[in-house]
Amino acid sequence: QVQLVESGGRLVQAGGSLRLSCVDSTRTSSNKAMGWFRQAPGKEREFVGSINWSGKSTLYADSVKGRFTISRDNAKNTVYLQMNSLKPEDTAVYYCAASVFSSARSERAKYDNWGQGTQVTVSS
């Protein structure tokens with residue numbers, strides 16, 4: 001069972017940047033695709049981006065394409081989400097997840113292990 005812990009969320013002004021981290025304490029996710037999702041109050045959890053097991057392939061939601069970048073360091077069992085040009089509509093709890101597959105996926109159902117989430121708030 002993969003155990004994921006996110007960190008890095010905080011209050012930031014619009015136009016600013018943040019980097020979220022997700023650490024796998026079990027060190028068992030290096031062969032799995034990893035994803036980032038987010039959930040705003042009153043809304044469904046939505047896909048943000050995904051990275052394949054090797055880090056060579058990524059997938060992004062249209063709403064964040066060109067602003068957010070996912071990367072991973074398998075030696076550190078860590079996945080990152082670099083968020084630039086943040087907008088108030090990016091405000092949400094951000095969740096890291098490990099997939100059952102090795103290739104990047106956008107479908108929420110393809111992920112079977114989730115972190116507890118980290119709050120990102122973007123002020124206007």
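Residues: numbered from 1 along the sequence shown. Computed from heavy atoms alone, side chains included, the values below leave out hydrogens, waters and symmetry copies.
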Sequence-distant partners of [X], side chain to side chain contact (heavy atoms under 4.5 Å, CB included), two or more places apart:
X	answer
A98	V2, L4, K32, M34, N113
S123	L11, Q13
S30	N74
Q3	S25, T26

Tell me, do [X] and [Y] make a side-chain contact under 4.5 Å, heavy atoms counted?
X	Y	answer
M83	S17	no
V120	T91	no
E44	R108	yes

Flag, side chain of [X] to backbone of [Y], donor-acceptor distance under 3.5 Å:
X	Y	result
S124	P88	no
S99	A33	no
D24	N77	no
E6	G117	yes

Can you list every disulfide (SG to SG under 2.5 Å) pair that touches [range], not counting sequence neighbours?
range	value
residues 62-106	C22-C96
residues 31-66	none
residues 48-82	none

Applying side chain to side chain donor-acceptor pair (under 3.5 Å), name anything that partners [X], two or more places apart in sequence or on another chain.
X	value
R19	none
S85	none
R45	Q39
Y95	none

Check: Is it the case that more than 12 heavy atoms not belonging to K65 sit under 6.0 Å from its NZ atom?
Finding: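 Above 12, so yes.
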
Margin query: Tell me whether L81 shares a hydrophobic cluster with V12, the cluster being built from Ile, Leu, Val, Met, Phe, Trp, Tyr side chains joined at under 4.5 Å.
Written below: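 Linked within one cluster.
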
Check: Linking I/L/V/M/F/W/Y whenever any side-chain heavy atoms sit under 4.5 Å apart, do I70 and W53 land together?
Finding: no

Which atom names give the shortest non-hydrogen contact between [X] and [Y], and what distance separates them?
X	Y	answer
E107	Y111	O-CD1, 3.2 Å
S57	A104	O-CB, 4.3 Å
L59	S106	CD2-N, 3.9 Å

Next item on the list: Return the set of residues passing ring-ring contact (aromatic ring centres under 6.0 Å, His included) with F47 (not counting sequence neighbours), or none when no residue passes.
Entry: F37

With rounding to the nearest 0.5 Å, note down the distance linking [atom1] in [X] to [atom2] in [Y].
X	Y	atom1	atom2	answer
D73	Y80	CG	OH	5.0 Å
R105	N52	CZ	CG	11.0 Å
R67	Y60	CZ	OH	12.5 Å

Notebook entry, point to check: With the threshold set at 4.0 Å, does a side-chain nitrogen-carboxylate oxygen contact exist between D90 and K87?
Noted result: no

Next item on the list: For a side chain to side chain contact (heavy atoms under 4.5 Å, CB included) with F68, tell me which candidate from N84, T58, L86, L20 qualifies.
Entry: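 That would be L86; it is the only one of N84, T58, L86, L20 passing the side chain to side chain contact (heavy atoms under 4.5 Å, CB included) with F68.
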
